[in-house]
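Below: one structure, written as structure tokens.
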Amino acid sequence: MHWKGISLVSFSLFALGSAFAQTIDPYYSGHYSYSDLGSIQGVPASYGGLTLKWDDPNTLLIGGSANNSAGAIYSVGLTRNSEGHITGFSGSAQLFASAPYIDGGLSYGPGNVLFATGYSNNTLMQIKPGSTAPDRTDTLSSLGVAGSVGAVGFVPNGFNGAGRLKVASYSGGGFYDLGYAADGFGTYDITSATLKSQPGGGPEGFVYVPLGSQLFSSQSMLVSEYGNGRIAAYDIDGEGNPLTGTRRDFMSGLSGAEGAFIDPFTGDFLFSTFGSGNRIIVVSGFEPVPEPATLAALGLGTLALLRRRKKA
């Protein structure tokens, strides 16, 4: 059996050998630290993408049984400390929605539609609020996306290219701009795909580094490079794409770096690992990102007060 071009035997040996070797690059380690939150009860291996539920900051959504027909999205409660940082999981995960072949991409878009990537069938799924299965699935091969897609995300407000829809091809290593337009049914037509950057590395997840974070003087992104077993940092161009010549290791020694998201309250960077690792890693030290309206919408008023008191 092979996953993403790596034999199960060799992957397992790699995972065992690297599980205790994950490190933040010395350039960043003075400002950033990580903790291993472990596996999530009730989420079947292998793990895919992850994000917070749009209307509940204490519920995590994560892909399980990734890369096969039984792929699905699961929900699990989160625990937070007094400063709002995610510290673990509450109870066992529950099935949220089916998502066949889900991979490293899981991200909310306009209208709180949940976008998820499928590997190796090169698909993009859309799930409307309240749905328990994809409401729309598009095959990206017909638009020119090479190989099979791995990651998906929208450029956040405040960044170059804000609002653009990005996908990254795992096997092709390229980042694409996807054109999209409302289809009249609560989901979106995917109208075009344009290759913008090709950093390689087997990208499976990406996030935009919260503005003002230490050692990131330019607008930047972090990319889960499954193929390299690393998290890489890149400056971005004027459209929110990684500039290949700016690549720097952020974290190495990883077992199958997979999905990625930023907790909007704390700025913490969380990513999943795929395969025999199947764990959630959280990296702290980034700046918080929410606006007051976002805090109110997420029910984070108390946490916002705690944050203000801490800074005072």
Side-chain angles (χ1 to χ4, degrees), residues 37 39-78 86 89-140 148-154 165-168 170 178 180 182-190 204-207 224 258-264 270-274 278-280 297-299:
L37 301 184
S39 300
I40 303 172
Q41 183 180 354
V43 179
S46 293
Y47 289 179
L50 71 171
T51 191
L52 292 181
K53 192 170 182 289
W54 73 273
D55 59 350
D56 183 356
N58 293 317
T59 296
L60 178 75
L61 302 181
I62 182 168
S65 294
N67 294 181
N68 69 66
S69 59
I73 300 165
Y74 294 81
S75 64
V76 65
L78 294 171
I86 296 169
F89 313 108
S90 174
S92 182
Q94 304 296 315
L95 180 65
F96 181 79
S98 63
Y101 300 98
I102 187 169
D103 201 35
L106 190 63
S107 180
Y108 278 103
N112 299 314
V113 173
L114 188 59
F115 288 71
T117 53
Y119 178 95
S120 58
N121 55 357
N122 207 12
T123 55
L124 184 64
M125 297 170 275
Q126 299 179 47
I127 302 171
K128 295 189 293 187
S131 294
T132 57
D135 295 287
R136 175 170 179 149
T137 300
D138 289 271
T139 300
L140 299 179
S148 184
V149 69
V152 64
F154 288 82
L165 172 57
K166 306 288 182 181
V167 295
Y170 165 75
L178 295 189
Y180 64 98
D183 63 6
F185 299 98
T187 50
Y188 297 86
D189 287 323
I190 306 302
E204 282 290 350
F206 61 87
V207 296
S224 294
E258 187 74 2
F261 87 98
I262 294 286
D263 176 21
L270 283 84
F271 63 93
S272 55
T273 63
F274 174 105
N278 293 309
R279 307 181 76 79
I280 306 300
L298 294 177

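This structure is a prediction, so every number in the text was calculated from the model and none was measured. For this chain, numbers begin at 1 and follow the sequence in order.
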Distance, nearest 0.5 Å, that separates OG of Ser75 from CD1 of Ile62: 11.5 Å
By salt bridge (charged side-chain N to carboxylate O under 4.0 Å, His left out) - contacts of Asp183 (at least two apart): Arg136
Exam field: side chain Tyr47 to backbone Gly259, donor-acceptor pair closer than 3.5 Å: no
Residue that, paired with Lys53, satisfies side chain to side chain donor-acceptor pair (under 3.5 Å) out of Thr51, Asp56, Asp55: Asp55
Separation of Ile280 CD1 from Leu50 CG (nearest 0.5 Å): 5.5 Å
Closest non-hydrogen atom pair, Leu95 against Ala72: CD1-CB, 3.6 Å
Backbone N/O of Gly48 and side chain of Ser272: donor-acceptor pair under 3.5 Å: yes
Intermediate values then yes/no, side chain to side chain contact (heavy atoms under 4.5 Å, CB included), Gln126 and Tyr188: CA-CA 8 Å; Gln126 299 179 47; Tyr188 297 86; 3.6 Å; yes
Nearest-0.5 Å distance, OG1 of residue Thr139 to CG of residue Asn122: 7.5 Å
Option from Tyr74, Tyr108, Trp54 for which side-chain contact (heavy atoms from CB on, under 4.5 Å) with Leu61 holds: Tyr108
Audit row: Phe274, Tyr119, ring-ring contact (aromatic ring centres under 6.0 Å, His included) steps and yes/no: CA-CA 13 Å; Phe274 174 105; Tyr119 178 95; 8.5 Å; no
Heavy-atom closest pair, residues Ser131 and Ala97: O-CB, 4.1 Å
Atom pair OG (Ser107) and CZ (Phe261), whose distance is rounded to the nearest 0.5 Å: 11.0 Å
Those residues that, when tested against Thr132, pass side chain to side chain contact (heavy atoms under 4.5 Å, CB included) (two or more places apart): none
Side-chain donor/acceptor of Asp135 to backbone N/O of Lys128, under 3.5 Å: yes
Side chains of Leu178 and Leu124 in contact at under 4.5 Å (non-hydrogen atoms): yes
Result of checking Asp263, Ile86, Leu78 against Leu60 for side-chain contact (heavy atoms from CB on, under 4.5 Å): Leu78
Separation of Leu165 CG from Tyr180 OH (nearest 0.5 Å): 6.5 Å
Ala116 versus Leu106, closest heavy-atom pair with distance: CB-CD1, 3.8 Å
Residues that Tyr101 engages under side chain to side chain contact (heavy atoms under 4.5 Å, CB included), provided they are two or more places apart: Ser69, Asn121
Main-chain N/O of Gly150 paired to Thr117 side chain as donor or acceptor, under 3.5 Å: yes
Glu258 CD to Tyr170 OH distance, which is reported to the nearest 0.5 Å: 9.5 Å
